[in-house]
S.K.: 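Take a look at the following structure, please.
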Amino acid sequence: MKPELAALMTAALEQLLSEGALAALPDAPPQIDYPKDPTHGDFSCNVAMVLAKQARLSPRDLAAKLIEAVPDNSLIDRINIAGPGFINFFINPRHHTAVIRQIITAGPDFGRCNTGQGRKVQVEFVSANPTGPLHVGHGRGAAIGDSLGRLLAATGWVVQREFYYNDAGQQIQNLALSVQARAQGKDPSHADWPKDGYQGTYIQDVATAYLANETVEAADREISAKGDVADLEAIREFAVACLRREQDQDLKAFAVVFDKYFLESSLYDSGAVEETVSTLAQAGHTFEEEGALWLKTTTFGDDKDRVMRKREGGYTYFVPDVAYHHDKWQRGFERVINEQGADHHSTITRVRAGLHGLNAGIPEGWPEYVLHQMVTVMREGAEVKLSKRAGSYVTLRDLIDWVGRDATRYFLVARAPSSQLTFDVDLALARSNENPVYYIQYAHARAVSVLRKAEDVADAAAATEGLEHLDCLMEPEALALTISLGRFPEVVAGAAERLEPHDVANYLRQAAADFHSFYNAHNILEAEPDTMRARLALITAAKQVIASGLDLLGVSAPESM
RNA sequence: GCGGAAUUAGCUCAGCUGGAUAGAGCGUCGGUCUACGAAACCGAAGGUCGCAGGUUCGACUCCUGCAUUCCGCGCCA
C-alpha cells in the first residue's frame, strides 16, 4: 500500500509543480511511514516538512495544498494534517482486508519476491575447523547464516550454502598428536602431553574409535581407522573424519544443511595458492623482508603489511583465504556473504586487499560480511563456561539438549548479529509468555486448532467463503492483525536487503501478539455465519504468515503443542 | 596505543534509509477462564536513550570529542 500512497503523493507534487507552487520535485519518492500512534492514521508522509523551505510555505500550509492536489481515489478515507506538518492517511478499511485474499491465494509464496532474479549468491558460514565440537558461537553462525540463506532464497536469489574448513594445518597436527597421545594412554596431565594439545574428553572417544578400527562417515568423507598408533597421518585423517561427523550430526540436529564443503587443502593441491602468490608478486604487491614474503596490504587500507610466506616456509592463513575467495569469484557468485564471528574481523581487510591486488575485476565490498558478536550462556543465574565434553566451552549440542532445536535457533537468530548475546537457558525453557518461541508457536497451534474445530460447525470451504465477507472484519483487533499480516512482504524484503534475520523474529512476535489479542477479543466459531467465515479466513491467513515467518528462521510451526 | 563492535526501563533486548508522547518480553502490582487451547488476554507502575558539544523544521538515529564494556591487533586459523 505504501507504493500506492507514494504514487498519489507524487501526483500531488507534480500538480503543485505545474502550478508553480514548487520549484522542483524531491530526488526520492515521498516517504511513507507507519505512525506509531494509531490516532495518526494508517500511514503518514513527511514530504511537506522536507519541501517547506523551497516552497516558501510553512509545512502545514504546504501540506494543505498537497492534500488539495491528491487525485481522487478509493483507497483513502480521509487525510489530515497533524503536528508540525505530517500528512496522515486514513485508509478505507476495505483495502486493508484485501490482503487476506492475497495471502490465502498465494499460500507459502506470500511474502516472497524476486529481487534476486535468479542470480547466484553464496552464503559461507560456520566454517569450523574439525578440531572439536561446535560451540555456541558456531551455533549463532549456523542460525544466522542459514536464516540468511532462507531469506535470500525467499527474495529470488539462488543460494548456495558453503562450509570451508582447514584439514591440514598446524591445528590439525595438534589434533592428531592429541589423539595419538590418548591412544597411547596419556591424558593432559601427562608430562609428554603435546604442547597446545586438545584436552576435551572427545579426544579420548576418537582415540578409542581409532584403536577399534571403526569406520566413520561424515557429510563429505568416509574413512576407516587403521588402529596403528604410530601412523600419525592415518590418525590425522581419522580424527578429522570423526570430528566432521560429529559436527554434521550437530548441524543435522540443528536443521542446517550445506550444499558444499570446501577443503583448504584443495587450494594447495590445485595450485591455486601458488598461483595467487605469483599473481600478487607479478602485480608488484609483494616484497621480501626478514626472510619472509609480505603483501603490501597498506596499499589497500590496512594499518600494516602482512606476512604471506613465513620465514620457515609455508603460507599464513589469509593466503589460501584469498585464493579461496578468488575461486568463489570464478565460480560466478555475484554476491558472496561470509557469516563469521566478529573476532575474525581483521581478516576482512586482508582478504579484500588480496583480491583487489589480483586485478581480477572483483568489485570493492565483495565479499560481504556479516559478523556476529560473542555469546555467553546463563543458567540458573550464573554464566556457564564449561562443557565436560568439550573441555573449555559450551557446545551447540549442549544447548540443543537443554532447550531443544526451535528455542536454540530462535534465541540465536533473534538478536542483531552486532549485539553481544546472552543466552538465558532458563528463559528458553520456559513454557509461557516469557518465551517468545512458544508464544509464536502457540499462536500457530491455536490457529490450527480453531480451523480444525471449524470443520465440525462449518463446511471445509468456510475460510474461502469468508473472503466474500471480509467487510465483517471491522473490529480494531481484526484490523490490527490484518495490517500486521500485510506488512510481512516488506519485512522479508527488508531483512534480506539488510542481512538482518532478527527483523523477522521481531515481526513474528508482533504478529503473534496481534493474533492472540484478536483471538481473545472475539469468538470465532460462535459468531454469525458470515462473520465466522470471515474470521476463519483471517485466521487462515495468520496461520500462513506465521508458518512462513518461522520457516525463514528454521523454526518449526507445530500443529499442536 | 591502533582498529572493530557496543552503551536505550530493575533484567534481556527492539527501534527500518533522522519524524509526532522512545517500544516489547521478563520481573513488580491489579484484573479476565462452568474453556473456539489461560502456553493466552486487558490494565498499571517503571526512561535525562553513557556524557558533552555540533548539524536542522525535527536527533535514540548523522558528525566530533570523552567515558565505560567486549573483541581483535601472531611469521595461529
Side-chain angles (χ1 to χ4, degrees), chain A residues 28 31 33-37 40 44 46 49-50 52-53 58-59 82-86 88 127 129 131 165-166 169-172 174 196 264 290-294 302-304 306-318 320-321 341-349 371 373-374 376 378 414-424 427 430-436 438-439 441-443 445-446 448-454 456-457 477 490-491 494-495 497-498 500 502-503 505-506 509-510 512-513 515-527 532 535 539 560-561:
Chain A
Q31 185 176 322
D33 293 307
Y34 297 104
K36 287 175 203 157
D37 184 339
H40 292 142
S44 72
N46 64 359
M49 291 180 289
V50 175
K53 194 171 270 183
S58 81
F86 288 101
N88 291 337
S127 293
N129 281 341
T131 54
Y165 69 92
N166 175 3
Q170 184 58 45
Q171 298 194 17
I172 300 300
N174 292 341
D196 301 325
E264 182 181 336
E290 298 171 13
L293 182 69
W294 298 66
D302 206 351
D303 56 342
K304 54 185 169 186
R306 306 290 171 176
V307 169
M308 297 175 71
R309 189 172 56 229
K310 306 176 224 173
R311 196 182 310 133
E312 288 82 20
Y315 295 106
T316 55
Y317 75 93
F318 84 90
D321 237 22
D343 52 342
H344 288 91
H345 73 82
S346 61
T347 74
I348 296 173
T349 312
L371 302 180
Q373 295 286 334
M374 288 190 64
T376 51
M378 299 288 287
R415 305 300 189 202
S418 61
S419 289
Q420 291 175 42
L421 176 68
T422 301
F423 192 111
D424 186 332
L427 178 62
R431 306 273 163 139
S432 71
N433 207 348
E434 332 169 24
N435 191 332
Y438 288 102
Y439 183 79
Q441 289 184 323
Y442 181 47
R446 260 183 152 179
V448 171
S449 177
V450 180
L451 292 169
R452 198 184 295 129
K453 281 242 165 69
D456 298 336
V457 296
E477 293 86 356
E490 73 183 66
V491 169
E497 163 80 26
R498 292 189 298 275
E500 293 189 334
H502 71 283
D503 288 352
N506 290 329
R509 183 196 256 283
Q510 183 59 52
F515 173 85
H516 287 308
S517 289
F518 170 72
Y519 184 92
N520 274 60
H522 303 288
N523 191 294
I524 295 155
L525 299 180
E526 289 172 13
M532 177 193 76
R535 289 177 180 171
I539 296 294
S560 66
M561 299 170 67

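Just so we're on the same page: letters track the sequence lines, and every chain starts at 1.
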S.K.: Grab the two heavy atoms, one from A/Y438 and one from A/M561, that are nearest each other, plus how far apart they are.
M.R.: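 For A/Y438 and A/M561, the tightest heavy-atom pair comes out as CD2-CE, 3.3 Å.
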S.K.: Could you check whether A/R309 gets within reach of a base, just the sugar-phosphate, or nothing at all, counting any heavy atom under 4.0 Å?
M.R.: nothing
S.K.: At under 4.0 Å between heavy atoms, what does A/E264 touch on the DNA or RNA strands: base, sugar-phosphate, or nothing?
M.R.: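 The residue A/E264 makes sugar-phosphate contact but no base contact.
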S.K.: Given B/C42, is OP1 or OP2 found less than 4.0 Å from the side-chain N or O atoms of A/S517?
M.R.: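 Yes, within the criterion.
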S.K.: Show the nearest heavy-atom pair for residues A/I172 and A/T131, with the distance to one decimal.
M.R.: CD1-CG2, 3.7 Å
S.K.: Can you name the side chain to side chain donor-acceptor pair (under 3.5 Å) partners of A/H344, sequence neighbours left out?
M.R.: none
S.K.: Centroid distance below 5.5 Å plus an interplanar angle below 30 degrees: do A/H502 and B/A14 meet both conditions?
M.R.: no
S.K.: Distance check: side-chain N/O of A/K304 vs OP1/OP2 of B/C75, anything under 4.0 Å?
M.R.: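 No.
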S.K.: Excluding sequence neighbours, so at least two apart, what forms side chain to side chain donor-acceptor pair (under 3.5 Å) with A/R309?
M.R.: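 Counting only residues at least two positions away or on another chain, A/R309 forms no side chain to side chain donor-acceptor pair (under 3.5 Å).
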S.K.: To the side chain of A/R509, which of B/A40, B/A24, B/A39 is closest?
M.R.: B/A24
S.K.: Nearest to the side chain of A/A82, which nucleotide is it out of B/A40, B/A20, B/C36?
M.R.: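 Between B/A40, B/A20, B/C36, the one nearest the side chain of A/A82 would be B/A20.
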S.K.: Over how many whole Å does the gap from A/L451 atom CG to B/G37 atom P extend?
M.R.: 11 Å
S.K.: Which of these nucleotides, B/C36, B/C41, B/G37, is closest to any side-chain atom of A/Y442?
M.R.: B/G37
S.K.: Please classify the glycosidic conformation of B/C42 as syn (within 90° of 0) or anti (everything else).
M.R.: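 Base orientation relative to the sugar is anti.
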S.K.: With heavy atoms under 4.0 Å as the rule, sort A/A414 into base, sugar-phosphate or nothing.
M.R.: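 Since no nucleic acid heavy atom lies under 4.0 Å of A/A414, the category is nothing.
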S.K.: With stacking defined as ring centroids separated by under 5.5 Å and planes differing by under 30°, is A/F86 stacked against B/A20?
M.R.: yes
S.K.: Which residue lies toward the 5' end of RNA chain B, A/Q510 or A/F318, if each is placed at its nearest nucleotide?
M.R.: A/Q510
S.K.: Check whether A/T316 reaches the backbone of A/V307 with its side chain - one donor and one acceptor, N or O, closer than 3.5 Å.
M.R.: yes
S.K.: Rounding to a whole Å, what distance do you find between A/D302:CG and B/C73:C1'?
M.R.: 10 Å
S.K.: Give a yes-or-no answer on whether the side chains of A/N506 and A/Q510 include a donor-acceptor pair shorter than 3.5 Å.
M.R.: no
S.K.: Using the C1' atom as the point on both nucleotides, what is the distance between B/C41 and B/G15, in whole Å?
M.R.: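 25 Å, rounded to whole Å.
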S.K.: What heavy-atom pair brings A/S560 and A/A445 nearest, and what distance separates the two atoms?
M.R.: CA-CB, 4.0 Å
S.K.: How far, in whole Å, is B/C49 from B/A22 if one measures between their C1' atoms?
M.R.: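 It works out to 7 Å between them.
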S.K.: Take the protein atom NE2 of A/H40 and the nucleotide atom C1' of B/G19, then report the distance between them rounded to whole Å.
M.R.: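 Those two atoms, NE2 and C1', are 11 Å apart.
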S.K.: Once each nucleotide of nucleotides 5-12 of chain B is scored for protein heavy atoms under 4.0 Å, what B/S/- sequence comes out, 5' to 3'?
M.R.: SS-----B
S.K.: Closest nucleotide of RNA chain B for A/N129 versus for A/G83: which of these residues is on the 5' side?
M.R.: A/G83
S.K.: Does a donor on one side chain sit under 3.5 Å from an acceptor on the other, for A/Y317 and A/Q170?
M.R.: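 No.
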S.K.: Assign A/M374 to base, sugar-phosphate, or nothing according to its heavy-atom contacts below 4.0 angstrom with the strands shown.
M.R.: sugar-phosphate
S.K.: Below the 4.0 Å mark, does B/U56 have OP1 or OP2 next to a side-chain nitrogen or oxygen of A/K53?
M.R.: no
S.K.: For A/D424, answer base if it contacts any base atom (sugar-phosphate contacts may also be present), sugar-phosphate if it contacts only those atoms, and nothing otherwise; contact means non-hydrogen atoms under 4.0 Å.
M.R.: nothing
S.K.: What integer distance in Å separates A/D321:CG from B/C76:P?
M.R.: 15 Å
S.K.: Quick check: any donor-acceptor pair below 3.5 Å linking the side-chain of A/E500 to the base of B/C16?
M.R.: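 Flag unset: no donor-acceptor pair detected.
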S.K.: Do A/Y317 side-chain and B/A77 base share a donor-acceptor contact under 3.5 Å?
M.R.: yes
S.K.: Is it the case that B/G3 (base atoms only) and A/H345 (side chain only) share a donor and an acceptor within less than 3.5 Å, ignoring hydrogens and angles?
M.R.: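 Check passes, donor-acceptor contact within cut-off.
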S.K.: What heavy-atom pair brings A/G85 and A/P59 nearest, and what distance separates the two atoms?
M.R.: CA-CB, 4.2 Å
S.K.: OP1 or OP2 of B/A38 sitting under 4.0 Å from any side-chain N/O of A/R446?
M.R.: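 Yes, because at least one side-chain N or O of A/R446 sits under 4.0 Å from OP1 or OP2 of B/A38.
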S.K.: Suppose we screen for salt bridge (charged side-chain N to carboxylate O under 4.0 Å, His left out). Which residues come up paired with A/R311, at least two apart in sequence or across chains?
M.R.: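 Scan of A/R311 (salt bridge (charged side-chain N to carboxylate O under 4.0 Å, His left out), adjacent residues dropped) gives none.
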S.K.: From the list B/G72, B/A14, B/C36, which nucleotide is the closest neighbour of the side chain of A/I524?
M.R.: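 Comparing B/G72, B/A14, B/C36 against the side chain of A/I524, the answer is B/C36.
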S.K.: When you compare B/C60 with B/A9, how far apart are their P atoms, in angstrom units rounded to a whole number?
M.R.: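 Here B/C60 and B/A9 have their P atoms 15 Å from each other.
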S.K.: Nearest to the side chain of A/V450 - B/G37, B/A77, B/C41?
M.R.: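 Among B/G37, B/A77, B/C41, the one nearest the side chain of A/V450 is B/G37.
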S.K.: Write down the distance separating the C1' atoms in B/G18 and B/G27, rounded off to the nearest Å.
M.R.: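 To the nearest whole Å, 33 Å.
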S.K.: Using a cut-off of 4.0 Å on non-hydrogen atoms, how would the nucleic acid contact of A/V50 be classed: base, sugar-phosphate, or nothing?
M.R.: base
S.K.: Roughly how many Å apart are B/U7 and B/U61, using the C1' atom of each and rounding to a whole number?
M.R.: 14 Å
S.K.: For a quick check of understanding: with a heavy-atom distance under 4.0 Å over all strands, which category does A/T349 fall into, base, sugar-phosphate or nothing?
M.R.: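 Since no nucleic acid heavy atom lies under 4.0 Å of A/T349, the category is nothing.
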S.K.: List in chain and number order the residues that pass salt bridge (charged side-chain N to carboxylate O under 4.0 Å, His left out) with A/D343, two or more places apart in sequence or in another chain; answer none if no residue qualifies.
M.R.: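 Salt bridge (charged side-chain N to carboxylate O under 4.0 Å, His left out) check on A/D343 returns nothing, list empty.
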S.K.: Quick one: label A/E526 by what it contacts on the DNA or RNA (base, sugar-phosphate, nothing), any heavy atom closer than 4.0 Å.
M.R.: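 Nothing, no heavy atom under 4.0 Å.
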S.K.: Mind checking A/N88 for me? I need base, sugar-phosphate or nothing, with any heavy atom below 4.0 Å counting as a touch.
M.R.: base
S.K.: Starting from C1' on B/U32, measure out to CG on A/N523 and report it in whole angstrom.
M.R.: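 Spelled out: CG on A/N523 to C1' on B/U32 is 15 Å.
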S.K.: For the pair made of CZ in A/F515 and P in B/C36, what is the distance, rounded to whole Å?
M.R.: 13 Å
S.K.: Centroid distance below 5.5 Å plus an interplanar angle below 30 degrees: do A/Y519 and B/C36 meet both conditions?
M.R.: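 A/Y519 ring centre within cut-off of B/C36 base, planes near parallel; stacks.
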S.K.: Rounded to whole angstroms, how far apart are CG on A/N46 and C1' on B/U17?
M.R.: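 After rounding, the reported distance stands at 12 Å.
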S.K.: Pick base, sugar-phosphate or nothing for A/S58, based on heavy-atom distances below 4.0 Å to the nucleic acid.
M.R.: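 If one applies the 4.0 Å heavy-atom cut-off, A/S58 turns out to touch nothing in the nucleic acid.
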S.K.: So what does the secondary structure string of RNA chain B come out as, 5' to 3', with Watson-Crick or wobble pairs under 3.5 angstrom, [ ] for crossing and | for pairs with another strand?
M.R.: (((((((..((((.....[...)))).(((((.......))))).....(((((..]....))))))))))))....
S.K.: Between A/Y439 and A/H516, what is the shortest heavy-atom contact and its length?
M.R.: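 Closest approach of A/Y439 to A/H516: O-NE2, 3.2 Å.
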S.K.: Would you find a donor on one side and an acceptor on the other, under 3.5 Å apart, between the side chain of A/S419 and the backbone of A/R415?
M.R.: no
S.K.: Could you tell me the separation between the CG atom of A/N506 and the C1' atom of B/G15, rounded to a whole number of Å?
M.R.: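 To the nearest whole Å, that distance equals 9 Å.
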S.K.: Between the main-chain N or O of A/N129 and the side-chain N or O of A/N166, is there a donor-acceptor pair closer than 3.5 Å?
M.R.: no
S.K.: When the P atoms of B/U17 and B/C75 are considered, how many whole Å apart are they?
M.R.: 38 Å
S.K.: Taking OP1 and OP2 of B/G37, is either one under 4.0 Å from a side-chain nitrogen or oxygen of A/S449?
M.R.: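 True: A/S449 side-chain N/O within range (under 4.0 Å) of B/G37 OP1/OP2.
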